[in-house]
Structures are given as C-alpha cells and as structure tokens.
S.K.: 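My questions will all concern the structure given below.
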Amino acid sequence: MKDWLWFSVAFWHTFRGTGGDPFGAPTKSWPWEDGTNSLAMAKRRMKAHFEFMEKLGVDRWCFHDRDIAPDGKTLVETNANLDEIVELAKELQVGTDIKPLWGTAQLFMHPRYMHGAATSPEVKVYAYAAAQVKKALEVTHYLGGENYVFWGGREGYQTLLNTDMKRELEHLANFLQAAVDHKKKIGFQGTLLIEPKPQEPTKHQYDWDVATSFSFLQKYGLTGEFKINVECNHATLSGHSCHHELETARINGLLGNIDANTGDPQVGWDTDEFLTDISEATLVMSSVVKNGGLAPGGFNFDAKLRRESTDVEDMFIAHISGMDTMARGLRNVAKLIEDGSLDELVRKRYQSFDSEIGAMIEAGKGDFETLEKKVLEWGEPIVPSGKQELAEMLFQSAL
Ligand code: XUL
Ligand code: CO
C-alpha cells in the first residue's frame, strides 16, 4: 500500500494557512507561531513541520519558496533567507526518509506579479520570475526533491481588451523551455509538472484543464519534458470531474502527480478541502492503478483545515483522514479488479470491434467504401444495452 500511496504535506496550507477568508480574520493561533514573518520564525516553523511529518509518518512535503522563507529587500537578500531555511531543512532531513515531493516558486503573492509572471507584459517581471524559478529549481534539487511544479497563479487574463493572448502564451512557452534547459544544466532528474487550473485568481487561466495544457505543450514542442499535476478541486472548477482529468492525463502519458483535495459543490471556490469521499477516492485510485502508480509523483494534500478547525490535533485528524480515504479507495479498486465484473462489462461493450472488420478499423484501414458495402450486407445494426445502472451498481457494491 505504501508503494502506491506516497503522501505529502503541503507546507503552505498546513504551516502558513491562517484560517482567514475574504470576510474573516485568521482563526489559527498555533503555539509555535509568534505572529511575525521573521527568519527566526521561519526556522521554528520548519522545525514544527518536521516534527509533524515524523509524528504523522509521512515522508514527503511540498513547498513554495516564499512560504518557507521570508522575502528580503533585494533578490540577494531573499535568496540568502531561502538558503538559510533550506540548509535547516536539509539538516532536519538527515537520518530520515523525508524529502520534497515537489517544490515550486510562489509567483502570485508579491505585487510585482499583479499582471502575471512569465505572462506579465513587463519584461523586468518576466526576468524576475525567471530568476525566482531558477533558484526554486536549484533548492528543490538540493533537497533531493523528486518533482518541480509550475502553477503560476496569474497565467491568464481578467479581460481580453488589454491582453495579447498569443504573445503571452509564447512568452510562457519560452519560459518553460528555459526552465527545461536550466533543469538539464543543473542535473535535476525530477519531473517537471504543470498544474492546470481554470480560474482564480484570474478569470481565465491558460492552463484551463488537462486537455488545454496538453495542446499547449504540443503546440510549443514541450511534450516529453512535462507531466501534469492534477488537482481534484481544480478539475471540478473547470467543469470536469477529477476522474475525467486523471483519465485525460493518463491516456496521454501525462499523469505525474495528484493534488489530492476536493471542493465544495455549493461554495464553488477552490476551497482546498481534504478529500474524504470514498467513492471519489476509488475513482481517483482506479486511474492511479491503471497508470501503474505515480512515481516519482505522489499525493500532495493541497488541502487546508476548515476555518473553524483550530486545534493542533485537527492537523493530524485531517491528514490521517485524507490518507485513510485514499487507502480505502485503493482497497476498493483491488476489490473491483479481483471481482472483474466491471472490467468485463467494459470489455463486452466494445467486443464487436474484436471482429475482423473491427480490427481493420482499429488499424486505421477502415475505408468508407468497404464499410458501405458491409452496411449493405448487414442491414440495420442491433444495438445492445449500455448497462449504465449495472456499471454503477457494480462500482457502488465495492465501496
Ligand atoms: C493553487 C494551488 C497551488 C499549487 C502550487 O490553487 O493549487 O497551491 O499547488 O502553487
Ligand atoms: Co495545487
């Protein structure tokens, strides 16, 4: 089970989440926090994070550069802050199996990124983002990180009236190519991942969903260099199910990691909740099993405690519940595979293509004249039932 389920703590939610929302003040007051964003505080927080992971028995973590270390007045000062915290994390990793599942650069919080980062119309901002990603790639590599994620945050537009979409997409593609080049230069073996999200904070992001991201990668010759990090809450924001996004990534050889969270069907925001729905987890795990696992990717709990959950204990409960849910999903998938009825139902659905003519079509040799002749010979086809309720019953019976 451990081989299938590499879990990761998201530093930003678990250790920087305040419980604040657009209408309400922060609600968390963790005993290790002193209310500052100082370097000393960043160190104490990193130690609390390692203590948490060790107690939880989880040995992967994900981070944004700016969440683990504070901004300085200049890039030099900021990088020095980051180096100091990364050095501490490196020391804390010694003697453990702990390492980053992935790292990323936070390219959305600072006012300089108000128009985007690689998609900013301001060349100095593009360059700043490049310098930041360069450093974030280097520290991820230094900590033994296994993947690196691109979720720019503002790689989209609020209105097309002032936006040159073509130019921004070209800038983004050039930026990602330069990241590939730098990755190779420093010998980072990890996977580069793109995390699609349709909107929030921008109205329309360029990496809307898996299919959009895939066509972007194809158009700019970046396939082979990137995989996809599917986030379940982003999937539903884009109008798809998480299962749909996972399958779209999987069948295109792009499924690299999962941000295992969920949204709220009534709220409609990216609420980043821990996934506790067994049915959803079973669908997620069915894609993972068909994918042969996610390695070197895994499951990042890109999820935060609800605003009203304020005990340190709740941090443990949330992660344990998230892990148990995925584990139960995996067991259910094993049950479904062992039973075989659902697979058999799918196999039967397409069995007419196992015929001579079906094989010809699947080989791309079904010319229209031959098919027309066949229709004249066969007459009206008898179309069998799709057995949808049976499929749903078989699935639900395994839960
Ligand atoms: C934002 C989101 C991010 C990325 C990393 O919606 O999911 O936390 O996972 O930047
Ligand atoms: Co995410």
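Start at 1 and go down the list; that is how both ligands and their atoms are numbered. This is a predicted model, so every value here is computed, not measured.
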S.K.: Is there a polar contact between ligand 1 and K197, counting only N or O atoms under 3.5 Å apart?
M.R.: yes
S.K.: Just checking R167: does its CZ atom have more than 12 heavy atoms from other residues, nucleotides or ligands closer to it than 6.0 angstrom?
M.R.: no
S.K.: Could you identify the N, O or S atom of D302 positioned closest to the Co ion (ligand 2)?
M.R.: OD2
S.K.: Please report whether ligand 1 has a polar contact with T104, defined as an N or O pair separated by less than 3.5 Å (distance criterion only).
M.R.: no
S.K.: If I apply the N/O under 3.5 Å rule, does D302 come out as touching ligand 1?
M.R.: yes
S.K.: Taking CD in Q189 as the centre, count heavy atoms belonging to other residues, nucleotides or ligands within less than 6.0 Å. Is the count above 12?
M.R.: no
S.K.: Do the numbers put K203 on top of the ring of Y157, so that NZ or CZ is under 6.0 Å from the six-membered ring centre and no more than 45° off the axis?
M.R.: no
S.K.: So W61 and F50, would you call those rings parallel, tilted or perpendicular, with 30° and 60° as cut-offs?
M.R.: perpendicular
S.K.: In terms of ring plane angle, is the pair F52 and F15 parallel, tilted or perpendicular, where the classes change at 30° and 60°?
M.R.: perpendicular
S.K.: Between ligand 1 and E200, can you find any atom pair, the residue atom being a heavy atom, that is separated by under 4.0 Å?
M.R.: no
S.K.: As a test of reading the structure, name the N/O/S atom of E231 that is nearest the Co ion (ligand 2).
M.R.: OE1
S.K.: Suppose I only count heavy atoms of W12 and a 4.0 Å limit; which atoms of ligand 1 are within that range?
M.R.: 8 (O), 9 (O)
S.K.: Look at the aromatic rings of W208 and H204 and report parallel, tilted or perpendicular, splitting at 30° and 60°.
M.R.: tilted
S.K.: Just heavy atoms, cut-off under 4.0 Å: does H64 contact ligand 1 by side chain, backbone, both, or neither?
M.R.: side chain
S.K.: Tell me whether S286 contacts the main-chain N or O of L283 through its side chain, where contact means a donor paired with an acceptor under 3.5 Å.
M.R.: yes
S.K.: Ignoring angles and geometry beyond distance, decide whether W102 reaches within less than 3.5 Å of ligand 1 through its nitrogen or oxygen atoms.
M.R.: no
S.K.: Under 4.0 Å from a heavy atom of D270: which atoms of ligand 1 are those, numbered in the order shown and with their elements?
M.R.: 6 (O)
S.K.: Got the closest protein heavy atom to atom 9 (O) of ligand 1, with its distance?
M.R.: E195 OE1, 2.7 Å
S.K.: Please give the atom name: the N, O or S atom of D259 nearest to the Co ion (ligand 2).
M.R.: OD2
S.K.: May I ask you to decide if D59's main-chain N or O and D97's side chain share a donor-acceptor pair within less than 3.5 Å?
M.R.: no
S.K.: Using a 6.0 Å cut-off, check whether atom CD of Q396 has over 12 heavy atoms from anything other than its own residue.
M.R.: yes
S.K.: Once you restrict to heavy atoms under 4.0 Å, what part of D259 touches ligand 1? Side chain, backbone, both or neither.
M.R.: side chain
S.K.: Between the Co ion (ligand 2) and E195, which N, O or S atom of the residue is the nearest one?
M.R.: OE2
